[in-house]
Amino acid sequence: MTKKYYELTPDERLASLNLKQETMTAFQENRTPQHAQIIENYISDFRVPMGMLHDIIVNGQHVSVPMAIEEPSVIAAANNGAKMINSVGGVKAMLPKRTAMIGQMMFVDMPITVLDDFVLSHQNELLAIAQRAKPTIYQRGGGLLSVTTRQVSPTEVSVDFIIDTQDAMGANIVNTILEAEISAFSKFETHLIGVILSNHALEQIVTVKVNMTFDSVGGHDVAQKIVALNHFAKNDPYRATTENKGLFNGIGAVVLATGNDWRAVEASGHAYASRDGQYRALASWTIQEDQLIGELSMPISVGTVGGAISAMPQAKNVLNIMKITSADELRTIILATGLAQNLAALKAIASGGIQRGHMRMQYRVLALQVGATMSEVPILVAKLNQLKQVDTTIASKLLSEIRK
Ligand SMILES: CC(C)(COP(=O)([O-])OP(=O)([O-])OC[C@H]1O[C@@H](n2cnc3c(N)ncnc32)[C@H](O)[C@@H]1OP(=O)([O-])[O-])[C@@H](O)C(=O)NCCC(=O)NCCSC(=O)C[C@@](C)(O)CC(=O)[O-]
Ligand SMILES: NC(=O)C1=CN([C@@H]2O[C@H](COP(=O)(O)OP(=O)(O)OC[C@H]3O[C@@H](n4cnc5c(N)ncnc54)[C@H](O)[C@@H]3O)[C@@H](O)[C@H]2O)C=CC1
């Protein structure tokens, strides 16, 4: 009997693609046995470069932060932003008393009052069901904290379950509890359309704050321009999208390096950026007296255990480098990296433009694009650095000259 595609081995899947032997070998050499167990139809790993934000001070602690990203200049910028931030003592990070995830039970064509009464009168039963569904999370100090109702539209109501998932990101924990809770709502069965966690993680909002001196960012004029740029991004969704993309350069790179779900973090961040109905900058830069104050608040849904984190050897190594002891600590470091990234980008735009620094870092990629070998890359980059105008034609021509 022929095997289904998902029953094939990674080599059998590759063989079915009629690849050149060298391509086949490249895929085969890029495998991690554990990774074949994490996703479906595995063929190989896709590697992303990882570099270091070598020092950022968060709540007085020096942290080294691995970042996984494909874009040149991001890690240089994170280090640049952190250098400025460290010069004034680093960021102060603040967490809610208890971070938690939200799970939704979604009802249609039912008055909220009926669900309200039901939830209020069945609190003990709902708590007991959660405890039976996921006893291990209770043993670790987490579990269902509260259940509330929320009118979504005239005909739709969400029953929200607030669940402390401790050091796990918690999507599976929440979904397991929610699915168990359905039994308690059986008399409303025909109105219940589904249960699922929400990535609008309003119970996981972290804040980082820094008080910069004007000198630390290159003077009063630069500080004023940073504030003006950020103000523009608070009002203009076009600019806000770009400024937030810059933040996510840093945030996404740490989330990825730690084996966390970057789609969840991005979705919650962008939803939070639109919380008053317009998409705005997530960070805020203001001048107060003789200081430039930077502040960034957003939900960070990550874990240090669970999901694929414990199964991915690299993610575990990254968490060890960071000496992370809890998901809350990881949240603060991710957000601090985002603020450093944002500061570096705004400073570059405010003082001479992004291309100067960004393109200098891009030259290494350009050298590879035009076919430079590893030993030719630094020679070609040094020559490109001396030019005002650079493109692939110029880089190719210079490479030919080097080879003469
Ligand atoms: C590129 C720099 C850092 C140059 O910065 P610079 O001031 O021209 O160079 P520098 O040599 O004076 O370096 C300053 C510091 O940057 C770091 N640094 C410097 N070079 C390196 C390197 N090779 N490797 C690692 N770190 C590096 C390092 O910390 C260094 O301090 P030092 O250690 O020398 O005392 C600066 O121009 C910068 O921060 N630019 C911002 C670049 C950026 O944001 N890139 C992301 C891509 S653009 C984007 O996607 C988003 C954006 C920008 O559109 C968002 C928005 O619009 O808001
Ligand atoms: N919409 C979304 O964001 C969705 C995301 N996911 C995925 O769910 C995964 C994350 O789910 P989780 O529930 O976090 O993982 P998980 O299903 O692996 O659960 C975490 C496990 O770790 C154990 N654990 C050990 N030490 C712990 C500690 N200190 N604190 C808390 N738990 C501890 C818990 O008992 C639990 O069994 C990710 O892979 C994510 O991509 C899944 C469905 C939807």
Side-chain angles (χ1 to χ4, degrees), residues 38-39 51-56 67 69 71-87 101 103-104 134-143 163-178 196-201 218 226 229-230 232-233 238-250 252-253 255 259-268 281-283 301-312 315 325-328 340-364 381:
I38 294 175
I39 60 155
M52 291 302 292
L53 161 51
H54 83 96
D55 179 24
I56 186 160
M67 300 172 71
I69 189 141
E71 188 178 358
S73 91
V74 166
I75 293 181
N79 279 282
N80 191 21
K83 184 183 164 189
M84 290 184 264
I85 284 173
N86 291 350
S87 74
M101 270 230 139
Q104 290 190 268
K134 204 68 198 166
T136 50
I137 199 64
Y138 281 84
Q139 284 153 21
R140 296 192 168 89
I163 300 167
D164 178 349
T165 62
Q166 293 283 300
D167 293 317
M169 180 267 197
N172 288 320
I173 296 173
V174 170
N175 288 339
T176 302
I177 292 177
L178 285 174
I196 191 84
L197 89 151
S198 169
N199 287 106
H200 196 28
I226 288 174
L229 279 165
N230 176 247
F232 207 95
Y238 287 77
R239 176 61 203 140
T241 308
T242 321
E243 194 182 304
N244 289 345
K245 184 275 182 190
L247 273 180
F248 278 104
N249 279 338
V255 172
N260 272 289
D261 183 336
W262 72 92
R263 287 88 55 208
V265 175
E266 297 238 348
S268 65
L282 282 158
S301 283
V302 290
T304 52
V305 293
I309 299 161
S310 319
M312 288 169 74
T325 55
S326 69
D328 279 347
Q341 198 76 54
N342 176 238
L343 175 61
L346 293 186
K347 190 199 164 188
I349 299 169
S351 49
I354 199 82
Q355 286 303 75
R356 201 175 50 187
H358 181 62
M359 287 316 290
R360 200 149 51 79
M361 311 283 157
Q362 197 90 39
Y363 290 165
R364 298 185 301 266
V381 168

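In each ligand, atom 1 is the first atom listed, and ligand 1 is the first ligand listed.
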Pick whichever of Ile38, Ile163, Asp167 has a heavy atom sitting closest to atom 30 (N) of ligand 2. Asp167

Which heavy atom of the protein is the closest neighbour of atom 37 (O) of ligand 1, given with residue, atom name and distance? Gly357 CA, 3.6 Å

Considering Arg239, Lys83, Gln341 one by one, which has a heavy atom nearer to atom 32 (P) of ligand 1 than any of the others? Lys83

Distance, nearest 0.5 Å, that separates CD1 of Ile137 from CG of Asn172: 11.5 Å

Heavy atoms of Gly306 and Ser310 approach each other most closely as N-OG, 3.4 Å

Here the gap from Ile349 atom CD1 to Asn230 atom CG, rounded to the nearest 0.5 Å, amounts to 11.0 Å

How far is atom 6 (P) of ligand 1 from its nearest protein heavy atom, and which residue and atom is that? Arg360 NH2, 4.2 Å

Distance filter under 4.0 Å to Ala345 heavy atoms, resulting ligand 1 atoms: 44 (O), 53 (C), 55 (C), 58 (O)

Does Leu197 approach ligand 2 within less than 4.0 angstrom via side chain, backbone, both or neither, non-hydrogen atoms only? side chain

For atom 6 (N) of ligand 2, what is the closest protein heavy atom, and at what distance to 0.1 Å? Ala171 CB, 3.4 Å

Going by the order shown, which atoms of ligand 2 are within less than 4.0 Å of some heavy atom of Thr136? 35 (O)

Enumerated ligand 1 atoms positioned under 4.0 Å from heavy atoms of Ala348: 40 (N), 41 (C)

Measure the distance from atom 27 (C) of ligand 2 to every protein heavy atom, then report the residue, atom name and distance (to 0.1 Å) of the closest one. Arg140 CD, 3.0 Å

Determine whether any protein heavy atom is located less than 4.0 Å from atom 9 (O) of ligand 1. yes

Give yes or no for whether the N/O distance cutoff of 3.5 Å, strictly under, is met between Gly307 and ligand 2. yes

May I ask you to identify the nearest protein heavy atom to atom 53 (C) of ligand 1, giving residue, atom name and distance to one decimal place in Å? Ile354 CD1, 3.3 Å

Would you say Ile173 and ligand 2 have an N/O pair spaced under 3.5 Å apart? yes

For residues Ile226 and Leu343, determine if any side-chain heavy atom of one lies less than 4.5 Å from a side-chain heavy atom of the other. yes

Quick one: which ligand 2 atoms are inside 4.0 Å of a heavy atom on Thr165? 30 (N), 31 (C)

Residue Met361 vicinity, atoms of ligand 1 by number, heavy atom under 4.0 Å: 1 (C), 20 (N), 23 (N)

Atom 26 (N) of ligand 1: the protein heavy-atom neighbour that sits closest, reported with distance to 0.1 Å: Ala76 CA, 3.5 Å

Using atom types as modelled and distance alone, determine if a side-chain donor or acceptor of Asp167 lies under 3.5 Å from a backbone N or O of Ala327. yes

To atom 13 (O) of ligand 2, the nearest of Asn172, Ile196, Thr176 on a heavy-atom basis is Asn172

Ligand 1 atoms in contact with Ile349 (distance to a heavy atom under 4.0 Å): 56 (C), 57 (O), 58 (O)

Asn260 side chain to Gly303 backbone, donor-acceptor under 3.5 Å: yes

Considering only heavy atoms from C-beta outward, does the side chain of Glu243 approach that of Leu346 to under 4.5 Å? yes

Donor-acceptor pair, Asn244 side chain versus Leu282 backbone, under 3.5 Å? yes

Heavy atom of the protein closest to atom 37 (O) of ligand 2 (residue, atom name, distance): Lys134 NZ, 3.3 Å

Would you say Gln166 and ligand 2 have an N/O pair spaced under 3.5 Å apart? no

Identify the protein heavy atom lying closest to atom 13 (O) of ligand 1, giving its residue, its atom name and the separation to 0.1 Å. Asn80 OD1, 4.7 Å

In terms of heavy-atom contacts, Ser198 and Gln104 come closest through CB-OE1, 3.9 Å

Student check: side-chain heavy atoms of Met84 and Asn80 closer than 4.5 Å: yes

Near Gly170, which atoms of ligand 2 are under 4.0 Å from a heavy atom of that residue? 11 (O), 12 (P), 13 (O), 14 (O)

Within the 4.0 Å heavy-atom cut-off, what Asp261 brings close to ligand 2 is side chain

Shortest protein heavy-atom distance from atom 55 (C) of ligand 1, along with the residue and atom involved: Thr242 O, 3.5 Å

For atom 21 (C) of ligand 2, grab the closest protein heavy atom and report residue, atom and distance to one decimal in Å. Gly306 CA, 4.3 Å

Atom 29 (O) of ligand 1: any protein heavy atom closer than 4.0 Å: yes

Ligand 1-proximal atoms of Asn249, by part, heavy-atom distance under 4.0 Å: side chain

Gly246: numbered ligand 1 atoms lying under 4.0 Å from its heavy atoms: 51 (C), 55 (C)

Give the residue and atom name of whichever protein heavy atom lies nearest to atom 46 (C) of ligand 1, and the separation in Å to one decimal. Ser73 OG, 3.5 Å

Ligand 2 contact by Gln139, heavy-atom criterion under 4.0 angstrom: no

For ligand 1, which atoms, with element, lie under 4.0 Å from some heavy atom of Lys245? 49 (C), 50 (O)

Verify, without hydrogens or angle tests, whether Gln341 (side chain) and Val74 (backbone) share a donor-acceptor contact under 3.5 angstrom. yes

Can you tell me the protein heavy atom closest to atom 47 (C) of ligand 1 and the distance? Glu71 OE2, 3.2 Å

Near Ala168 (heavy-atom distance under 4.0 Å), the atoms of ligand 2 are 14 (O), 20 (C), 30 (N), 31 (C), 32 (N)

Do Asn79 and Lys83 get their side chains close enough for a donor-acceptor pair, meaning under 3.5 Å? no

So, do Leu53 and Ile75 sit near enough that their side-chain heavy atoms are less than 4.5 Å apart? no

Under 4.0 Å between heavy atoms, the region of Ile137 that gets near ligand 2 turns out to be side chain

To the nearest 0.5 angstrom, please state how far the NZ atom of Lys134 sits from the CD atom of Gln139. 10.5 Å

Of the listed options Gly218, Ala240, Ala77, Ala82, closest to atom 41 (C) of ligand 1 (non-hydrogen atoms): Ala77

Taking only non-hydrogen atoms of Met169 and a 4.0 Å limit, the atoms of ligand 2 in range are 3 (O), 10 (C), 14 (O)

Can you name the atoms of ligand 2, numbered from 1 with element, that are less than 4.0 Å from a heavy atom of Asn199? 1 (N), 2 (C), 3 (O)

Which ligand 1 atoms, with their elements, are less than 4.0 angstrom from a heavy-atom of Asn79? 26 (N), 29 (O)

Measuring only between side-chain heavy atoms, which start at C-beta, is Met361 closer than 4.5 Å to Glu71? no

Looking only at distances, can you tell me whether any N or O atom of Arg364, backbone or side chain, sits closer than 3.5 Å to an N or O atom of ligand 1? no

